[in-house]
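Have a look at the structure below before the remarks.
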Amino acid sequence: PRPDDYSDQLKVYKVSALVYRCAQLWAESILQAPMKIYEVGPDREITKEITRGDIWDVLDEVNGEMSYHEWMYVNILNMALTGNSYTWKVRNNLGQVVELWPFRADEVEISYDPLLEPGAKMRYEWRPVSTGGIAGKGGPYMFKSSSILHLKLPSPISAVYGTSPV
């Protein structure tokens with residue numbers, strides 16, 4: 001289970017203009033920096049900067065509803081308010097990522113099983129309350145870790161979930 005009740009953390013921004021403004025300032029300052037993508041070798045060292053290709057095509061229009069800046073802004077706000085950001089990587093028939101859809105942090109639960117094979121130890125369960133789910137079906141939906149981009153702030157109490165700074 002999640003270490004915190006995210007619904008309470010997410011409600012804080014509604015009643016505290018200061019908390020929400022701090023999260024906004026953090027997001028706006030991060031978005032001012034230029035985006036750079038690097039190729040990483042087997043020894044985890046940067047080998048070269050990637051300046052074009054499939055990843056840039058996806059980031060140019062992350063999905064049919066959001067630009068890169070909107071998608072990134074939502075992710076940064078989620079991290080600021082909950083310590084976690086989740087994005088579904090939608091793939092085509094060739095396995096290439098073609099869209100990125102952010103999930104609300106309070107709608108995602110992670111299950112972890114160290115006995116499963118590498119790459120499948122974590123599973124993400126999305127229980128959409130805000131959208132009615134995919135095509136109006138409410139879920140829950142299970143995703144392998146390879147289908148979810150999970151960004152998290154370091155946590156002293158969990159190896160699976162991040163911790164909010166607020």
- Heavy-atom pair with the smallest gap, counting every atom of Ser164 and Ala80: OG-O, 3.1 Å
- Judged by atom type as modelled, is there a donor-acceptor pair below 3.5 Å linking the side chain of Tyr124 to the main-chain atoms of Tyr86? no
- Say whether, by atom type as modelled, one donor and one acceptor occur between the side chain of Gln32 and the main chain of Ser29 under 3.5 angstrom. no
- Item | Side chain proximity check, Leu31 to Met72, heavy atoms < 4.5 angstrom | yes
- Note on the structure: When rounded to the nearest 0.5 Å, the distance separating CZ of Arg123 from OG of Ser145 is 8.0 Å
- Message: Can a side-chain donor-acceptor contact be found between Asn78 and Ser85 if the only test is distance below 3.5 angstrom?
- Response: no
- With side chains defined as the heavy atoms from C-beta onward, is the minimum distance between Pro140 and Trp126 less than 4.5 Å? no
- In terms of heavy-atom contacts, does CG of Asn93 have more than 12 from other residues, nucleotides or ligands at under 6.0 Å? no
- Just wondering, do Ile37 and Leu59 contact through their side chains at under 4.5 Å, heavy atoms? yes
- Results of side chain to side chain contact (heavy atoms under 4.5 Å, CB included) for Val98 - residues two or more places apart only: Val90, Asn92
- Locate the shortest heavy-atom distance separating Thr163 from Ser155; write the atom from each residue and the value. OG1-OG, 2.8 Å
- Item | Thr82 OG1 to Leu77 CG distance, which is reported to the nearest 0.5 Å | 10.0 Å
- Query: Does the pair Val40 and Glu45 meet the rule for a side chain to side chain contact (heavy atoms under 4.5 Å, CB included), with working shown?
  - Reply: CA-CA 5 Å; Val40 178; Glu45 289 193 29; 6.0 Å; no
- Query: So which pairs with a foot in residues 19-39 pass salt bridge (charged side-chain N to carboxylate O under 4.0 Å, His left out), sequence neighbours left out?
  - Reply: Arg21-Glu28
- Query: Has the side chain of Lys152 got a donor or acceptor atom that lies under 3.5 Å from a matching backbone atom of Ala159?
  - Reply: yes
- Of the non-hydrogen atoms in Met35 and Tyr68, which two are nearest, and what is the gap between them? CE-OH, 3.5 Å
- Got a donor-acceptor contact below 3.5 angstrom from the Lys89 side chain to the Ser146 backbone? yes
- Task: Using a 4.5 Å cut-off on heavy atoms from C-beta on, say whether the side chain of Glu99 contacts that of Val62.
- Result: no
- Item | From Met142 atom CE to Ile148 atom CD1, the distance as rounded to the nearest 0.5 Å | 10.0 Å
- When rounded to the nearest 0.5 angstrom, what distance separates CG in Leu81 from CD1 in Ile76? 12.0 Å
- Please assess Trp26 against Gln24 for the test side chain to side chain donor-acceptor pair (under 3.5 Å), listing each intermediate value before the final yes or no. CA-CA 5 Å; Trp26 189 37; Gln24 281 183 311; over 6 Å; no
- Item | Minimal non-hydrogen separation, Pro165 against Leu153, with atom names | CD-CD1, 3.5 Å
- Do His150 and Val108 pass the side chain to side chain contact (heavy atoms under 4.5 Å, CB included) test, and can you show the C-alpha distance, the side-chain angles, and the key distance before you say yes or no? CA-CA 10 Å; His150 178 192; Val108 177; over 6 Å; no
- Item | N/O donor-acceptor pair under 3.5 Å between Asn84 side chain and Ala105 backbone | no
- Task: Taking the side chain as every heavy atom from C-beta outward, state whether Asp57 and Asp54 have any atom pair closer than 4.5 Å.
- Result: yes
- Item | Pair Asn75, Thr87: side-chain N/O donor-acceptor within cut-off below 3.5 Å | yes
- Message: Using a strict threshold of under 4.0 Å (side-chain N to carboxylate O), is an ion pair present between Glu125 and Arg127?
- Response: yes
- Task: Without swapping roles, check the side chain of Trp56 against the backbone of Ile50 for a donor-acceptor pair under 3.5 Å.
- Result: yes
- Query: Between Phe143 and Phe103, what is the ring plane arrangement, given parallel below 30°, perpendicular above 60°, and tilted in between?
  - Reply: tilted
